[in-house]
Amino acid sequence: MNRLPTRSFRALTAVITATALALTGCAGGGGGPGGAAPASRASAVQAPVARGPFVAAANPLAVEAGLTVLREGGSAVDAAVAIQAVLGLVEPQSSGLGGGAFMMVFDAATGEITSYDGRETAPAAATPELFYEDGRPLPIGDAVLSGRSTGAPGAVAMLAMAHRAHGRLPWSALFGDAERLGRDGFVVSPRLAGFIAATRGQARTRWADAYFTRADGTRYVAGDTLRNPAYAATVVELAAGGAEVFYNGRIAREIAATVAQEPRPGALTAADIAAYAPVERGALCRPYRIYVVCVPPPPSSGVAMLQLLAMAERTPDIHGGPDSAAAWTAFAQLQRLMYADRDRYVGDPGFVGVPVQGLLDPDYVATRAALAPALTGAAEPGTPPGGMFAGPDATREPAGTSHFVVVDARGNAVSMTTTVESVFGSGRMAAGFFLNNQLTDFSFTPVWPDGAPAANAVAAGKRPRSSMSPVIVLDRQGRLVGAFGSPGGPSILAYNAKALIAVLDWGLPVQAAFDLPNLVARDDGFGADTDRFPEDLRAGLAARGVALSPNASEISGLHGALWRQGPTGWSWDGGADDRREGVARTH
């Protein structure tokens, strides 16, 4: 296992702190709008220890499940197990037991951050041409709906691994809300109802039709009570037998049998599922202002977000604040550079050499940042120190993801991004839950005419690259001050970076930061929440060559909090993205 020892992390934090202070001193201005340093940043180092309870997640039923566990003395990881179990039932379009996840855990007693990789893996029979047919890549829609798209699920095994290290309550005590809601039913939310009403795709597979159609032949709508006794039976079995029963028994056999059905049967077997192993890794941490931002290492794309933040510190226009067209323009141009590098170099480190240190090398970052003002279209990838010979990427990232944050009474924290990949995953169900289509996160084209392999090409046992990048934020003493994250497919990196810059640099309250318009610049376009940009700001962007178009990616679902001093003392300044149905609560 690649766990970073506590003393090594603390030594790393000391180095990062010195770097952060040096960078802050030369960044120009105060970092906040008009150059004034936000009070929260100036006084962050005097904060008392940050403690919960705090939960923010994409559905109120999941938030309540997490808070119930915390009230019973459970840890942040205990609550995460309960939250995921409920989310998989009430928000099945986004995540579930049949999917994967990345989790960041902050241990308040040791100051250590651990990342857990629950990314799905390709079956042993997978080849680089997994999504080829008649010598050509399949259309993305056909690939998603095929049995080929499902990898061995990782979320349950990952949660079990984290629970063994950080749990306080018995595993068997964490599934009560999920079992009750599955058995007795839950109220269909407006967002879920909107996806149920889709007229094609995963909502119209024979599995989805059987689940979402009422006895009278009509589809469930918002306000209806939806029961899922198969899901209730699965979580009862999981609670009693642990993750072992998920990977070695009825559930695994049902998953494999469903994957093997038409159209385009997949090769995932019960043996592939039994062989799945999550990975415990160290955190990847770098400074931003006087803070330390920590993300999971590859195959997560967190390294790319850290690269963007490092470039932002060398880009004075960024610090102009949320009303500055120059700041938004700079943010867009830096994204183009970030995505070009991410798409070229990031993959599963067990199969390809990812130049993580090279992508974050200060000289390389400075060279890349200097290119931003002159960009007039899509950026070309650079050549970071240690960069491999990698071909152009042909990964298509659909979207069906969720994020949640938990802090317990002892100050332990979880930031977890979880997914089934597309909306309702592959549209196939087993044991009461939807199966992922995570393998469509691989590059459909494995090798290019010049002979360069794609870093994210399919291979047996390989984890596809992920945009999921859950964030933990520390102060310069290595103490917890925040946790953030978002769904959004490839736009996750842009959404997370916007939130971090708005909160840590511009000094905005967390909810106000989440409410800001989104701007995503990948390749040669500018996707945005066009209706959220004020007219004068849109005009200023257009004058700088940033012509906004409606964002075609999955909308954001930011959840998180920052430990801040307010009029009544220190508390969690939390938020839940109003584009979804989440809430942030402390009780």
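Just so you know, these numbers use all the heavy atoms, side chains as well, and skip hydrogens, waters and symmetry mates.
Remark: Arg119 does not engage Asp348 in a salt bridge, criterion side-chain N to carboxylate O under 4.0 Å. Electrostatic pairing of Arg344 and Glu380 does not count as a salt bridge here, judged by no charged N lying under 4.0 Å from a carboxylate O. Looking at Arg564 and Asp573, a side-chain N of the basic residue comes within less than 4.0 Å of a carboxylate O on the acidic one, giving a salt bridge. A salt bridge links Arg532 with Asp578; the closest basic N to acidic carboxylate O contact falls under 4.0 Å. Comment: Arg465 does not engage Asp441 in a salt bridge, judged by the lack of any side-chain N to carboxylate O separation of less than 4.0 angstrom.
In this structure, Phe331 and Leu308 have side chains that are in contact, with non-hydrogen atoms separated by less than 4.5 Å. At least one side-chain heavy atom of Gln307 sits less than 4.5 Å from a side-chain heavy atom of Asp341. Counting heavy atoms from C-beta on, the side chains of Ile501 and Trp506 come closer than 4.5 Å. The closest side-chain heavy-atom distance from Pro297 to Ser115 is below 4.5 Å.
A donor-acceptor pair under 3.5 Å links the side-chain atoms of Arg544 to the main chain of Gly540, judged by distance alone. Side-chain N or O atoms of Asp107 include none that pairs as donor or acceptor with a backbone N or O of Gly111 at under 3.5 Å. With hydrogens and angles disregarded, no donor-acceptor distance shorter than 3.5 Å links the side chain of Gln438 to the backbone of Pro153. For Ser415 (side chain) and Val471 (main-chain N/O), a donor-acceptor pair under 3.5 Å exists by modelled atom type.
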*Would Arg336 and Asp523 satisfy salt bridge (charged side-chain N to carboxylate O under 4.0 Å, His left out), going step by step from the backbone distance to the final call?*
CA-CA 6 Å; Arg336 285 175 157 175; Asp523 300 324; over 6 Å; no

*Begin with the C-alpha distance, continue with both residues' side-chain angles, and end with the deciding distance and a verdict on side chain to side chain donor-acceptor pair (under 3.5 Å) for Gln511 and Asp515.*
CA-CA 6 Å; Gln511 190 62 56; Asp515 292 344; 3.0 Å; yes

*How far apart are the C-alpha atoms of Thr114 and Glu280, what are their side-chain angles, what is the distance that settles it, and do they pass the side chain to side chain donor-acceptor pair (under 3.5 Å) test?*
CA-CA 7 Å; Thr114 306; Glu280 181 182 344; 4.7 Å; no

_For a salt bridge (charged side-chain N to carboxylate O under 4.0 Å, His left out) check, start with the C-alpha distance between Arg579 and Glu554, then their side-chain angles and the critical distance, and finish with the verdict._
CA-CA 11 Å; Arg579 298 165 181 85; Glu554 179 185 6; over 6 Å; no

*Verify side-chain contact (heavy atoms from CB on, under 4.5 Å) between Arg286 and Tyr291, making sure each step is shown before the conclusion.*
CA-CA 9 Å; Arg286 287 297 186 276; Tyr291 296 97; over 6 Å; no

*Please report the C-alpha distance between Asp142 and Arg148 in whole Å, then the side-chain angles of each, then the deciding distance to 0.1 Å, and finally whether the salt bridge (charged side-chain N to carboxylate O under 4.0 Å, His left out) criterion is met.*
CA-CA 10 Å; Asp142 291 344; Arg148 304 179 197 177; over 6 Å; no

_Quick one, Asn436 with Thr150, criterion side chain to side chain donor-acceptor pair (under 3.5 Å). Give me CA distance, side-chain angles, the key distance, then yes/no._
CA-CA 5 Å; Asn436 70 82; Thr150 298; 4.7 Å; no

*Can you check side chain to side chain donor-acceptor pair (under 3.5 Å) on Asp577 and His559, steps first, answer last?*
CA-CA 6 Å; Asp577 204 320; His559 292 89; over 6 Å; no

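Checked by atom type, the side-chain pair Ser94/Ser402 shows no donor-acceptor distance below 3.5 Å. Checking Ser467 against Arg342 by side-chain atom types alone, a donor-acceptor pair falls below 3.5 Å. Counting only N and O atoms by type, the side chains of His403 and Thr417 include a donor and acceptor under 3.5 Å apart.
In this pair, Phe195 and Phe424 present their aromatic rings perpendicular. The plane angle is above 60°, beyond the 30 to 60° band.
Taking OG from Ser556 and CZ from Arg580, the interatomic distance works out to 7.5 Å, rounded to the nearest 0.5 Å.
Just one residue in the list Met103, Met104, Arg281 forms a side chain to side chain contact (heavy atoms under 4.5 Å, CB included) with Tyr116, and that residue is Met103.
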